[in-house]
Amino acid sequence: MRLSIVAALAGVEKAEFGYVRDLVEITDSALSKQVTRLEEAGWVAVEKGHVGRRPRTWLRLTGDGAAAYRRHIAALTAIAGPLH
């Protein structure tokens, strides 16, 4: 699950919580729990604010998170071999 969240954030500057929830196809509470763990690890930053009167939460990958994601993808690629 955490790999899916990090992958969703890897290609964007930041993403709204609901967008990531829908993309990863998990519940709000499950995403919140995983984001908390990723935030504690220093991989994801959480920004809270408002759009009009509605509260919003944005997520972004930190530099450490992006580096960890690249290492993980490199390891998976080494295990799986080239795609031909």
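Since we're looking at a predicted model, the values are computed, not measured. Side chains included, hydrogens not; waters and symmetry mates left out as well; all remaining heavy atoms used. Residue numbers run from 1 in the order of the sequence given.
A search for side chain to side chain contact (heavy atoms under 4.5 Å, CB included) contacts involving D64 returns T62, not counting sequence neighbours. Applying the side chain to side chain contact (heavy atoms under 4.5 Å, CB included) rule to T27 yields the partners S29, A30; only residues at least two apart in sequence or on another chain are considered. Every residue two or more places apart in sequence or in another chain was checked for a salt bridge (Lys or Arg N to Asp or Glu O under 4.0 Å) with E40, and none qualifies. Every residue two or more places apart in sequence or in another chain that forms a side chain to side chain contact (heavy atoms under 4.5 Å, CB included) with R54 is listed here: R56. Residues passing the side chain to side chain contact (heavy atoms under 4.5 Å, CB included) test with A7 are Y69, sequence neighbours excluded.
Atom CG of L31 and atom CD of Q34 lie 8.0 Å apart (nearest 0.5 Å). To the nearest 0.5 Å, the span separating CG on L38 from CZ on R2 amounts to 6.0 Å. Rounded to the nearest 0.5 angstrom, D22 CG and E16 CD are separated by 8.5 Å.
Hydrophobic clustering, with ILVMFWY side chains joined whenever heavy atoms are under 4.5 angstrom apart, keeps V46 apart from V12.
The two atoms that bring E13 and R60 nearest to each other are O-CB, 3.2 Å, heavy atoms only. Among all heavy-atom pairs drawn from V6 and G65, the shortest one is CG1-O, 4.4 Å. Across A10 and L61, no two heavy atoms sit closer than the pair CA-CD2, 3.8 Å. Of all the heavy atoms in L9 and A15, the pair that sits closest is CD2-CB, 3.8 Å. Across all their heavy atoms, L59 and V20 have their closest contact at CD1-CG2, 4.2 Å.
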- Task: Evaluate side chain to side chain contact (heavy atoms under 4.5 Å, CB included) for L3 paired with L76, printing each intermediate quantity in order.
- Result: CA-CA 12 Å; L3 177 59; L76 290 173; 4.2 Å; yes
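Clustering of Ile, Leu, Val, Met, Phe, Trp and Tyr by side-chain heavy atoms under 4.5 Å joins W58 with V51.
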